[in-house]
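Take a look at the structure set out below.
Chain letters run A, B, ... following the sequence lines, proteins first, then strands; residues in each count from 1. Every value quoted in this text rests on a predicted model; they were computed, and no experiment measured them. Side-chain atoms are counted along with the backbone in the values below, which use heavy atoms only and exclude waters and symmetry mates.
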There are 2 protein chains.
Amino acid sequence: MESISYKEAAAVFQLLSHPVRLHILDELRRGEACVCHLQTILQRPQAYVSQHLRVLRAAAVVEGQRNGLNIYYHIVDDRVLRLLAELLGPAQDARSVPICPCPSCAGD
Amino acid sequence: MESISYKEAAAVFQLLSHPVRLHILDELRRGEACVCHLQTILQRPQAYVSQHLRVLRAAAVVEGQRNGLNIYYHIVDDRVLRLLAELLGPAQDARSVPICPCPSCAGD
DNA sequence: ATATTTCATGCAGTGCGATGAATATAGTGT
DNA sequence: ACACTATATTCATCGCACTGCATGAAATAT
């Protein structure tokens, strides 16, 4: 692996230096989730969640794929997964209960 | 082992989210160093290095012990060591050449 | 085409971190 | 006591990230 500069490494840590982004990423570790999931779990306004998702998207840490009206996000950066595991511990089990009115929660 | 909150975890990442602090910590991974070492290596004003050391000290990531005029710093937080290793790779070998006019560099 | 739902974007206010300059403190030697 | 060196602290400025609010864009349904 090519060595990473301090500036680049700092940028990665910077992404993880916000509690809301950490919460989002920790949820995404459990499996992909649409914005309405995250909105419900975080108890934050949709626009607010979306802003943080944009930061993570711009840094190529997460990716979203559209499915009808909903966009499902997932983590695509392995370094970030390892850093999360190092500090937060292993990921929780996948969700099983519906948490929002999206099709996959409705069992539709 | 106790689980860490997102806020606390974010604070740890925050400490690592600055290139100068990362450089300082990466140097300290190689062994303890006095401020004049760091000043020489980073090519930054003394007060600037000292400011960042204060941040790391306040967060209990580093500790300094006085030896005459000089204060030698070292890392005391294992989580930080693991996070650095995860993103920067293993620590470099210990320094061998003198880099500043402090007693230990002068071989005094 | 209109309406509804889901998500994204633009903009503005505010606070905090980063950096520099000047000054203070602690230790050493005379 | 005085001077000198190493490090810390205080203060002030500046830019950027955070956050809220309002609006825009994409997909779906009637």
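Of all heavy-atom pairs between B:R95 and B:G31, the closest is NH2-O, 3.1 Å. Nearest heavy-atom pair, B:A60 versus B:V76, reported as atom, atom and distance to 0.1 Å: O-CG2, 3.5 Å. For the pair B:N70 and B:C34, the tightest heavy-atom approach, listed with the atom from each and the gap, is CB-CB, 4.1 Å.
Taking atom CG of A:L56 as the reference point, atom P of C:dC7 lies 16 Å away to the nearest angstrom. Atom CG of B:L53 is separated from atom C1' of C:dT19 by 15 Å (rounded to the nearest Å). When rounded to the nearest whole Å, the span between OH of B:Y72 and C1' of D:dA8 equals 17 Å. Atom CG in A:L42 sits roughly 12 Å away from atom P in D:dG20 (whole-Å rounding). In this structure, CD1 of B:I71 is placed 10 Å from C1' of C:dT25, rounded to the nearest angstrom. If you take CD of B:Q14 and C1' of C:dG15, they are 13 Å apart, rounded to a whole angstrom. Atom CG in B:L22 sits about 15 Å away from atom C1' in C:dA18, given to the nearest Å. The distance between atom NE2 of B:H18 and atom P of D:dC16, rounded to the nearest whole Å, is 13 Å.
In the interface, the side chain of A:Q39 is not paired with the base of C:dT6 through any donor and acceptor atom under 3.5 Å apart. Applying the 3.5 Å distance criterion, the base of C:dA8 shares a donor-acceptor pair with the side chain of A:Q46. B:Q51 contributes no side-chain N or O that forms a donor-acceptor pair with the base of C:dG17 under 3.5 Å.
DNA chain D is contacted by both A:S17 and B:H37; B:H37 maps to the nucleotide lying nearer its 5′ end (nearest heavy atom per residue). Both B:N67 and A:Y48 lie close to DNA chain C; mapped to their nearest nucleotides by heavy-atom distance, the more 5′-ward contact belongs to A:Y48. Comparing B:G68 and A:S50 by the nucleotide of DNA chain C that holds the closest heavy atom to each, the one mapping nearer the 5' end is A:S50.
Side-chain N/O atoms of A:R21 and B:Y6 include no donor and acceptor closer than 3.5 Å.
Put simply, A:H52 has no side-chain N or O that comes within less than 4.0 Å of OP1 or OP2 on D:dA17. At the phosphate of D:dA17, neither OP1 nor OP2 sits under 4.0 Å from any side-chain N or O atom of A:R21. Between A:N70 and C:dT5 there is no side-chain polar atom (N or O) within less than 4.0 angstrom of OP1 or OP2. Considering only side-chain N and O atoms, B:R66 lies nowhere under 4.0 angstrom from the phosphate OP1 or OP2 of D:dA6. For the pair B:R54 and D:dT7, the criterion of a side-chain N or O lying under 4.0 Å from OP1 or OP2 is not met. For B:R44, no side-chain nitrogen or oxygen approaches OP1 or OP2 of C:dT19 to under 4.0 Å.
Here D:dC21 is the nucleotide among C:dG20, D:dC21, D:dT19 with the atom lying nearest to any side-chain atom of A:A47.
Among the heavy atoms of the strands lying under 4.0 Å from A:L69 is at least one base atom, whether or not backbone atoms are also near.
Hydrophobic clustering keeps A:V62 apart from A:Y72 (ILVMFWY residues linked when any side-chain heavy atoms are closer than 4.5 Å, directly or through intermediates).
Surrounding CD of A:E63 are at most 12 heavy atoms belonging to other residues, nucleotides or ligands under 6.0 Å away.
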